[in-house]
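Reviewing the structure listed below.
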2 protein chains.
Amino acid sequence: MFASLGRSNSLAKFVVPQARVTISEYSYGRGAEIFGENEPADYVYEVAAGAVRSYKLLSDGRRQIGAFHLVGDVFGLENAVVHRFTAEAIVNTKVHLVRRESLELIAQEDVVVVRDLLNMTTNNLQHAEDHMLLLGRKTALERVAAFLLEMDRRLTKAGFFALPMSRRDIADYLGLTIETVSRELHHLHDRGILGFLSSNQRQIVLLDRDRLAELDL
Amino acid sequence: MFASLGRSNSLAKFVVPQARVTISEYSYGRGAEIFGENEPADYVYEVAAGAVRSYKLLSDGRRQIGAFHLVGDVFGLENAVVHRFTAEAIVNTKVHLVRRESLELIAQEDVVVVRDLLNMTTNNLQHAEDHMLLLGRKTALERVAAFLLEMDRRLTKAGFFALPMSRRDIADYLGLTIETVSRELHHLHDRGILGFLSSNQRQIVLLDRDRLAELDL
DNA sequence: CGGGGGCTTGAGGCCACTCAACGATAGTGG
DNA sequence: CCACTATCGTTGAGTGGCCTCAAGCCCCCG
């Protein structure tokens with residue numbers, strides 16, 4: 001089964017006996033560019049600590065964030081010569097990286113490795129497909145609700161989570177403006193579905209998943 | 001190079017010596033469902049004649065078409081147990097199909113076949129990524145212009161092309177309403193960028209690609 | 001303490017949507 | 001062959017959801 005493989009999309013799995021794949025480490029400061037759209041895709045990355053945004057720009061500056069990469073996520077895996085997104089560190093971020101070239105060398109003979117690449121790409125595709133539905137057909141409230149549920153699923157550790165990204169990032173991910181995101185968040189807050197912690201409202205606690213799920217049509 | 005393989009995404013390439021892969025043929029009438037979302041993905045398809053739409057639905061009927069599949073396109077390749085879209089014939093359509101199971105059998109030992117699957121999935125991912133930018137950040141006029149350029153690229157044979165899909169399909173692909181699509185098309189027509197043929201305006205001729213490309217930011 | 005960036009909140013505007021009417025086309029049955 | 005009908009597409013009028021513009025607050029950080 002293609003899809004029955006584990007979901008541990010770690011670079012470590014590519015360290016197989018027959019080849020020497022070196023995993024390097026690197027750190028990026030808040031806002032630093034990791035790679036740019038259309039630049040040569042020489043490396044494949046994994047978030048070791050922090051968070052990363054991948055986006056495309058239009059000529060007049062409009063931005064669409066295609067995905068957020070959190071701890072454990074692999075990104076920059078384009079299966080192509082150039083990157084199709086720009087990737088930036090959202091906060092101070094540490095990544096592991098391997099040369100794409102060495103991955104390809106293994107991939108030429110090892111079916112399992114190619115299968116892993118296929119699985120990762122399929123997961124990315126599935127996320128993009130769901131996001132097309134969100135961007136094309138959901139209301140502002142539904143988008144924000146879906147975003148919160150996604151983040152809840154991906155980074156909740158103890159019943160609450162802190163969003164690493166700014167309102168601008170959220171807006172550019174959801175195809176909205178920062179004002180609309182702010183209004184919808186506070187709308188949910190007023191309805192008691194969402195609780196903020198600390199006056200700095202990047203911290204969120206006590207998210208009522210069930211009531212929120214009703215809004216994510 | 002992963003991406004240096006040819007773009008001939010035909011099912012025929014999977015008919016390799018060591019395995020018996022049977023390619024069947026089937027026809028669907030206009031509007032017929034080929035497979036449904038969340039149904040078992042038992043087959044992989046290729047459009048032999050006609051056109052197909054793949055879409056997701058929200059509970060209240062809002063629809064987002066993720067892709068149109070034209071002659072030569074492979075679709076239903078989910079690398080998963082179930083389909084993530086519903087697929088319907090837009091017009092009378094003939095497809096070739098192979099059992100997913102037999103593809104997987106080959107894929108277990110043949111690196112080249114898995115590589116082909118990876119390439120197809122990567123192409124789908126790239127299309128989805130571009131479409132996210134369109135749905136999240138482009139204006140109605142830009143969306144329609146991008147749609148026309150895509151169709152021009154994919155189905156122009158002799159300087160003109162006929163759209164197989166309805167205004168509703170186009171609208172649900174672009175995240176717009178049928179009225180807006182109609183208005184923007186006529187807007188382009190009035191500006192001389194687009195010419196219709198025959199009173200039935202599903203036929204389009206003489207598309208000024210250069211002037212249209214300026215609108216596709 | 002002063003400056004700046006991020007977030008919120010309000011007022012007003014606009015782009016795309018909704019609602020509606022009508023025309024054109026294709027398919028159906030007499 | 002021609003009504004009859006359903007569907008699709010166009011077009012206009014009006015609405016509304018989200019955007020734009022702007023002001024002010026809060027927090028961080030020098």
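Computation of the quantities below employed the complete heavy-atom set of this structure, encompassing side-chain atoms and omitting hydrogens, waters and symmetry-equivalent molecules. All chains are named by letter (A, B, ...) in the order of the sequence lines, taking the proteins before the strands, and each is independently numbered beginning at 1.
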What integer distance in Å separates [X]:[atom1] from [N]:[atom2]?
X	N	atom1	atom2	answer
A:E184	C:dC7	CD	P	17 Å
B:L176	D:dG17	CG	P	18 Å
B:L141	C:dA16	CG	P	9 Å
B:R167	D:dT7	CZ	C1'	14 Å
A:R168	C:dT8	CZ	P	13 Å
B:R62	D:dG17	CZ	C1'	13 Å
B:I170	C:dA16	CD1	P	17 Å
B:D172	C:dA16	CG	P	17 Å

Q | First of A:I178 and A:R137 reached from the 5' end of DNA chain C, by closest nucleotide | A | A:I178

Quick check for you: among [options], whose closest atom lies nearest to any side-chain atom of [X]?
X	options	result
A:T139	C:dT18, D:dT11, D:dC18	D:dC18
A:S182	D:dT10, D:dT20, C:dT9	C:dT9
A:E179	C:dT9, D:dC18, D:dT10	C:dT9

Q) If only side-chain N and O atoms of A:T180 are considered, is one of them under 4.0 Å from the OP1 or OP2 phosphate oxygen of D:dC19? A) yes

Q.
Would you say B:R183 places a side-chain N or O within less than 4.0 Å of OP1 or OP2 belonging to D:dT10?
A. no

Q: Quick one: label B:G31 by what it contacts on the DNA or RNA (base, sugar-phosphate, nothing), any heavy atom closer than 4.0 Å.
A: nothing

Q: Flag the pair B:F85 / B:F75 as yes when their ring centroid distance falls below 6.0 Å, and as no otherwise.
A: no

Q.
Classify the ring geometry of B:Y28 against B:Y26: parallel below 30°, tilted from 30° to 60°, perpendicular beyond 60°.
A. tilted

**Q.** Parallel, tilted or perpendicular: rings of A:Y173 and A:F68 (30°, 60°)
**A.** tilted

Q: Output yes when A:R84 and B:D130 qualify as a salt bridge under the 4.0 Å nitrogen-oxygen rule, no when they do not.
A: no

Q. Do any N or O atoms from the side chain of A:D73 and from the backbone of A:L70 form a donor-acceptor pair under 3.5 angstrom?
A. yes

